[in-house]
2 protein chains.
Amino acid sequence: MKIKCMKSNLLTGVNIVSKAVPSKTTMAILECILIDASANSIKLISNDMELGIETVVQGEIIENGIIALDAKIFSEMVRKLPDAEVTITTDGSFKTKITCGKSKFDIVGKSGDDFSYLPAIDMENPIVISQLTLRDIVKQTIFSINENDNNKLMSGELLEIEDKNLRLVALDGHRIAIRNVELTDSYERSKTVIPGKALSEVTKILTGGANDKVNIFISDKHIAFIFDNTTVVSRLLEGEFFNVDNMLQSNYETKMRIYKKDLTECIDRATLLAREGDKKPIVMDIKDGNLNLRIQSFIGSMDEDIEIEKNGKDMMIAFNPKFCLDVLRVIDDEEVEIYLLSPKAPCFIKDADETYVYMILPVNFNAGV
Amino acid sequence: MKIKCMKSNLLTGVNIVSKAVPSKTTMAILECILIDASANSIKLISNDMELGIETVVQGEIIENGIIALDAKIFSEMVRKLPDAEVTITTDGSFKTKITCGKSKFDIVGKSGDDFSYLPAIDMENPIVISQLTLRDIVKQTIFSINENDNNKLMSGELLEIEDKNLRLVALDGHRIAIRNVELTDSYERSKTVIPGKALSEVTKILTGGANDKVNIFISDKHIAFIFDNTTVVSRLLEGEFFNVDNMLQSNYETKMRIYKKDLTECIDRATLLAREGDKKPIVMDIKDGNLNLRIQSFIGSMDEDIEIEKNGKDMMIAFNPKFCLDVLRVIDDEEVEIYLLSPKAPCFIKDADETYVYMILPVNFNAGV
């Protein structure tokens, strides 16, 4: 194999595929990045058997061929090369020469024969969404998954499409995060559960804006995200996702409207007193026009008042402060509305159009006062 | 005690004194920041018994008093307070109330009686140097100290003053770093060895520019740096520092002039092949007009040519690449001159006026080829 390409193009490609190189694996070949120049384009491929990434690097193929190079060494090398044209040449015994300017590296690669290529997916009828939107809604929900639960489905997010509506749902045993997006086109009803890792890696690579699109293809076992020169394929999680609609409710006894910044900063200060492992709740005492927040721990106590607009009954309720912060930090609105039914019933934070719905279960506030 | 001050002033002060709060200590009182409002200014004080810092915070004393507050909790608390006026009130049992806007914290402090104040130093005849210069020359030499050597003196830097010249020297068993600075005034000859930790903490606090001054006072056992509202006092290291002048030499067989950027980037690339713990030397083959650098390890090999200007004999010599990089990274000149005597003799990197002199011992290059 002999290929030529600019260092900057190669680096972009290497950075993209590095996201699917496993840090620990029993299959040494997967620790490599595959350079596949066997046809008419230079492809970089990585695959950890759950997630696979393929990206095309602009460049020139002088002699067709394939080589697998240790991902860590190769990517560090590319990063440190001078900003010039890079030539990669391999021989029959996988010896690889990387030259750039006056700099020459010799390393030993591996045969690409054992490498696992990405699974083939039927590329018809893509679901089209903007890169910016996909990145946003993943960031705004993924904190609610539970990577470590026995129930594997909690480590993923439900992607539900019906007509023009796309809904992304994440939940663990204590909270639910939902984002709804209106798509440009209409699609058949579908429900898939995507591993959280795949979503977070995809959003790291999606650097485009509102006008840059991602095409999504879904098969029985896989989902593919195709954008720019890159294809990301992930296995799907199998099984029936939780019936989220049963957990939602729209009636309430108390509704408060509050400046998000005030509430966020106050709860952030309160977390000072709740060290890790020591799960001190923050108590909210909701009255007409005033929210009193307090927390008490072995370190000390905090007490703060915030102005609110309240409808309905007075209420006293307590939460894990971290869960409140997680939600508040991903809402872009200046003011938020919080709906409460009782001190023991789930609390909802949502906007009027329900583009977002967050549910948090309260905790026993006697523990906190 | 009752004091009032702006959050921003308090935060600046807390950030400064935090540098001398020990992370591990058997004396719990030293994990505190002392607020001393017993006289007519609000002082924050920290002391780890080697290094002590005192800084004055602008504010109002309503009732004189002293309190010691856990440094970690207090500094996190101050950081997260709203940007407004802070009131700190203590009672006879060291209960401390911190209020700011509508936010109220209650924590328990400690009596300041057991706290160790900074040692008194005779404040006459300061040595005056600009904050920028002191910060620069410490950064440009401190990487050459050896924190872990049995010889305690290697963990410090020699500060030598004679007439208008100030010299800062750091060395370990393999290299020497020297910076010379011309002072505005003339001083009596003095030699002191300052712990590396004190120097690195002082430079973190010194945020001033070329026109901001530091006053340095030296006593038998201590050194004090006084600037802005802050005093930093450190113990000195005892003993006679190494005779550095005996280790320097000015004769050479080979002299090369090279673009610093070319050499730095090349050696940086070479370090890719020299993983931690595996001490592979970089071999320099110096000929007329050309420097060939190569390195070889179990990962692979690298070979690169750089244009140079050479005087004197051809030479082949090898170095620990990290030691070369450490020096090159703190030199501001575009080109550097390297002086060599033999493959087994120390190499010198210095400028014409010797504002800087760096010595590096070579390694056996047979190990590398």
Side-chain angles (χ1 to χ4, degrees), chain A residues 7 69-70 72-84 86 94-109 259 261-275 290-308 321 325, chain B residues 7 69-70 72-84 86 94-109 259 261-275 290-308 321 325:
Chain A
K7 180 236 167 141
L69 299 176
D70 181 274
K72 223 167 170 177
I73 294 166
F74 182 57
S75 61
E76 279 181 38
M77 212 166 263
V78 173
R79 198 160 297 129
K80 294 199 170 179
L81 285 176
D83 213 352
V86 184
F94 313 115
K95 276 187 194 149
T96 305
K97 192 180 281 297
I98 302 172
T99 56
C100 182
K102 285 184 173 177
S103 183
K104 290 193 285 287
F105 277 106
D106 285 295
I107 55 174
V108 178
Y259 277 99
K261 188 167 176 283
D262 291 353
L263 185 59
T264 312
E265 291 181 357
C266 172
I267 300 179
D268 189 36
R269 278 192 282 280
T271 56
L272 279 178
L273 301 181
R275 288 288 168 89
N290 191 69
L291 168 66
N292 174 264
L293 293 111
R294 46 186 188 273
I295 189 165
Q296 192 166 0
S297 75
F298 73 98
I299 299 172
S301 64
M302 193 197 91
D303 187 299
E304 188 162 342
D305 288 311
I306 303 179
E307 229 172 78
I308 57 166
L325 282 183
Chain B
K7 181 240 169 138
L69 298 176
D70 182 275
K72 223 167 170 175
I73 294 166
F74 182 57
S75 61
E76 278 180 40
M77 213 166 262
V78 173
R79 198 160 297 129
K80 294 198 169 178
L81 286 176
D83 213 352
V86 184
F94 313 116
K95 276 188 195 149
T96 306
K97 191 179 282 298
I98 301 171
T99 57
C100 182
K102 286 186 175 178
S103 183
K104 288 192 288 286
F105 278 106
D106 284 296
I107 54 174
V108 178
Y259 277 99
K261 189 166 174 284
D262 291 352
L263 185 59
T264 311
E265 290 181 357
C266 171
I267 300 178
D268 189 35
R269 278 192 281 280
T271 56
L272 280 178
L273 302 180
R275 288 288 168 91
N290 191 69
L291 167 66
N292 175 266
L293 292 112
R294 46 186 189 273
I295 189 165
Q296 193 167 358
S297 76
F298 74 98
I299 299 172
S301 63
M302 194 197 91
D303 187 300
E304 187 162 342
D305 288 309
I306 303 178
E307 229 173 78
I308 57 167
L325 283 182

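So that the names make sense, note that chain A is the first sequence line, chain B the second, and so on, each numbered from 1. The figures here come from the full heavy-atom set of this structure, side chains too, leaving out hydrogens, waters and symmetry mates.
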Of all residues at least two apart in sequence or in a different chain, which pass the side chain to side chain donor-acceptor pair (under 3.5 Å) check with A/Lys95? none

Holding to side chain to side chain donor-acceptor pair (under 3.5 Å), I want the full list of residues that pass it with B/Asp106, two or more places apart in sequence or in another chain.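 Partners of B/Asp106 under the side chain to side chain donor-acceptor pair (under 3.5 Å) test: B/Lys97.
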
What's the separation between atom CD1 in B/Ile299 and atom CD in A/Glu76, rounded to the nearest 0.5 Å?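 Those atoms lie 8.0 Å apart.
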
Just so I understand: if I count every heavy-atom pair under 4.5 Å between each of B/Ile73, B/Ile107, B/Asp303 and chain A, which residue has the most? B/Asp303

Please rank [options] by heavy-atom pairs under 4.5 Å with chain B and give me the top one.
{"options": "A/Glu265, A/Met302, A/Arg79", "value": "A/Met302"}
{"options": "A/Ile306, A/Leu293, A/Leu273, A/Thr99", "value": "A/Leu273"}
{"options": "A/Asp70, A/Leu272, A/Thr96", "value": "A/Leu272"}

Pick one of side chain, backbone, both or neither for A/Ser297, based on which atoms fall under 4.5 Å of a heavy atom in chain B. neither

Answer yes when B/Lys80 and A/Asp268 have at least one side-chain N-carboxylate O distance shorter than 4.0 Å, and no when they do not.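 Yes, B/Lys80 and A/Asp268 are salt-bridged.
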
Crowding at NZ, B/Lys72 (>12 non-hydrogen neighbours, <6.0 Å):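 No, because the 6.0 Å sphere around NZ of B/Lys72 holds 12 heavy atoms or fewer from other groups.
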
Counting only heavy atoms not in A/Tyr259 (residues, nucleotides, ligands), do more than 12 fall under 6.0 Å from its OH?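 Not buried by this count: 12 neighbours or fewer within 6.0 Å.
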
So, do B/Lys102 and A/Cys266 sit near enough that their side-chain heavy atoms are less than 4.5 Å apart?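 Heavy-atom side-chain distance check fails, nothing below 4.5 Å.
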
Which atoms of B/Leu81 come close to chain A, meaning under 4.5 Å heavy atom to heavy atom: side chain ones, backbone ones, both, or neither?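 Both parts, heavy atoms under 4.5 Å.
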
